[in-house]
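Each chain gets a letter, A, B and so on, in the order the sequences are listed, and its residues count up from 1.
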There are 2 protein chains.
Amino acid sequence: MATPERLIEATRELLWERGYVGTSPKAIQERSGVGVGSMYHHFDGKAGLALAAMQRSAQELRDAAEAHFAGPGTAVQRIASYLLRERDVLRGCPIGRLTMDFDVIEEARLRAPLDELFAWLRARLADLVAEGQTDGDIDTRLDPQAVGAMIAAVVQGGYVVARSAESAEPFEASIRGALQLLGYEDGA
Amino acid sequence: MATPERLIEATRELLWERGYVGTSPKAIQERSGVGVGSMYHHFDGKAGLALAAMQRSAQELRDAAEAHFAGPGTAVQRIASYLLRERDVLRGCPIGRLTMDFDVIEEARLRAPLDELFAWLRARLADLVAEGQTDGDIDTRLDPQAVGAMIAAVVQGGYVVARSAESAEPFEASIRGALQLLGYEDGA
DNA sequence: GTCTATATCAAGATAGAC
DNA sequence: GTCTATCTTGATATAGAC
């Protein structure tokens with residue numbers, strides 16, 4: 001793997017595990033096997049490297065979500081497919097967790113990828129809810145924007161309660177609750 | 001205010017703003033106006049002080065929630081009262097945010113207050129959902145545990161999406177979505 | 001109980017040789 | 001492009017005087 005590539009991958013892992021404040025250049029150098037000089041040659045310090053890592057992670061999450069949203073089935077089934085997809089629950093969301101990082105939120109350039117991902121996700125979910133209403137699967141009295149936001153939030157909040165309990169169970173219960181309220185009937 | 005008290009209050013503020021990893025003993029000393037020697041005399045280092053601060057914040061959140069849960073009205077109205085209460089949305093949850101802190105989750109003693117708060121909250125919400133079912137206000141086909149977990153999660157996730165957008169709006173939309181799905185009718 | 005001095009190691013980089 | 005050396009400041013304490 002090329003040097004910038006190794007730096008980005010190591011940074012993505014560290015940001016996911018420890019957040020931005022908890023990630024040091026030294027740790028990035030050790031995990032990537034890249035030396036100090038090379039790191040500062042290829043990137044504009046910790047912030048520049050983190051930005052590249054965040055952009056890639058956000059794009060991956062977006063592609064993964066879109067694969068479910070654009071898949072087969074009714075709108076409700078596609079929302080369920082997204083909510084029920086395999087997740088490493090206790091690791092949390094590699095992008096959502098950075099939202100609690102002071103230095104990220106404070107700097108517009110670093111907050112931008114988070115903002116774009118979640119704005120896209122809420123809008124996409126709102127569209128699917130509206131589509132479900134057209135199909136007759138979702139109550140038309142509901143506000144699609146509000147329900148879309150709620151779906152995005154329940155995933156992020158699910159990670160929070162799961163990590164506090166050191167167990168995936170509260171996450172899974174949260175998703176189950178949301179799906180039941182949406183009238184989704186699974187095979188169970 | 002007594003010295004330990006000043007230390008705890010300063011630490012609570014800093015943990016809320018910057019998280020555990022982002023809070024240094026030096027910052028605590030500066031914000032509290034207490035010297036190094038005094039800090040280490042009264043508390044077992046950063047971790048001990050953080051533990052005291054976290055325990056107090058968790059208790060406050062619990063008392064605040066219980067005031068809504070034990071208030072007047074139907075179960076659904078009391079859930080709504082909790083969800084709609086005044087919040088400093090962009091600051092997030094002083095306890096929930098610590099869930100993304102590596103050093104907190106890693107150390108059992110520091111994770112305990114988070115676990116206890118959210119376990120209590122989910123159970124309390126599940127009870128209220130069951131009560132709402134008994135009252136005939138909530139669909140009895142729903143699993144109270146799952147819906148309780150979902151309600152706890154939507155608040156925490158609401159903070160995540162709000163902070164990413166630097167706006168309270170996504171938080172408010174998420175809560176609105178959850179309330180609509182619960183069949184809560186407000187005055188709007 | 002509080003203060004100042006001191007210690008060790010890490011954070012986050014820059015400089016200049018190769 | 002990469003390496004080693006070096007720099008400044010901060011993190012997280014401990015020691016011992018007052």
Side-chain angles (χ1 to χ4, degrees), chain A residues 1-55 97-98 100-111 113, chain B residues 1-56 97-98 100-111:
Chain A
M1 215 182 346
T3 298
E5 197 58 24
R6 276 190 290 149
L7 284 164
I8 289 176
E9 288 304 315
T11 304
R12 295 207 310 145
E13 289 173 24
L14 285 162
L15 289 178
W16 196 357
E17 275 173 35
R18 330 271 311 213
Y20 182 77
V21 171
T23 294
S24 67
K26 187 180 195 195
I28 294 170
Q29 289 145 24
E30 278 164 3
R31 184 158 316 200
S32 63
V34 169
V36 200
S38 296
M39 172 175 151
Y40 287 98
H41 174 75
H42 291 288
F43 291 95
D44 180 19
K46 174 179 166 176
L49 182 43
L51 180 58
M54 287 163 57
Q55 283 166 340
R97 69 112 67 228
L98 297 173
M100 294 304 151
D101 234 308
F102 186 91
D103 293 358
V104 169
I105 292 307
E106 198 198 27
E107 195 173 333
R109 170 172 80 130
L110 294 180
R111 186 173 59 80
Chain B
M1 214 179 353
T3 298
E5 197 57 24
R6 276 190 292 151
L7 284 164
I8 289 175
E9 287 305 315
T11 304
R12 296 208 309 145
E13 289 173 24
L14 285 162
L15 288 178
W16 195 358
E17 274 174 35
R18 329 271 310 214
Y20 182 76
V21 171
T23 294
S24 67
K26 187 179 194 198
I28 294 169
Q29 288 146 24
E30 277 163 3
R31 186 160 313 200
S32 63
V34 170
V36 200
S38 294
M39 171 174 152
Y40 287 98
H41 174 78
H42 290 288
F43 291 96
D44 179 20
K46 175 179 165 175
L49 182 43
L51 180 59
M54 286 163 58
Q55 283 166 341
R56 177 171 304 176
R97 69 113 63 228
L98 297 173
M100 293 303 149
D101 233 306
F102 186 91
D103 292 359
V104 169
I105 292 307
E106 198 198 27
E107 195 174 334
R109 170 173 79 130
L110 294 180
R111 187 173 59 80

Between [Y] and [X], does any NZ, NE, NH1 or NH2 come within less than 4.0 Å of an OD or OE carboxylate oxygen?
| X | Y | answer |
| --- | --- | --- |
| A/Glu9 | A/Arg6 | no |
| B/Arg18 | B/Glu13 | no |
| A/Glu17 | A/Arg97 | no |

query: If we only count heavy atoms from C-beta on, is the B/Val34 to B/Gln29 side-chain gap below 4.5 Å?
result: no
Side chain of [X] (C-beta onward), nearest among [options]:
| X | options | value |
| --- | --- | --- |
| B/Ser24 | C/dC3, D/dT2, D/dT12 | D/dT12 |
| B/Pro25 | D/dT12, C/dG12, D/dG1 | D/dT12 |
| A/Tyr40 | C/dG12, D/dC3, D/dA11 | C/dG12 |

Could you tell me how far apart [X] ([atom1]) and [N] ([atom2]) are, to the nearest whole angstrom?
| X | N | atom1 | atom2 | value |
| --- | --- | --- | --- | --- |
| B/Asp44 | D/dT14 | CG | C1' | 13 Å |
| B/Arg6 | C/dT2 | CZ | P | 8 Å |
| A/Lys26 | D/dT8 | NZ | P | 19 Å |
| A/Lys46 | C/dA10 | NZ | P | 16 Å |
| A/Phe43 | D/dG1 | CZ | C1' | 14 Å |
| A/Glu30 | C/dA10 | CD | P | 9 Å |
| B/Arg18 | D/dA11 | CZ | P | 9 Å |
| A/Leu14 | C/dA11 | CG | C1' | 14 Å |

message: With a cut-off of less than 4.0 Å, is there a side-chain N or O of A/Thr3 near OP1 or OP2 of D/dT2?
response: yes
message: For C/dT2 and B/His42 - does any side-chain N or O of the residue sit under 4.0 Å from the phosphate oxygens OP1/OP2?
response: yes
- prompt: Which residue lies toward the 5' end of DNA chain C, A/Gly22 or A/Val36, if each is placed at its nearest nucleotide?
  reply: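 Final value for this comparison: A/Gly22.
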message: Could you tell me if B/Lys46 sits above the aromatic ring of B/Tyr40, with its cationic atom closer than 6.0 Å to the ring centre and no more than 45 degrees from the axis?
response: no
query: Touch check for B/Gly37, heavy atoms < 4.0 angstrom, all strands: base, sugar-phosphate only, or nothing?
result: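 Base, at least one base heavy atom under 4.0 Å.
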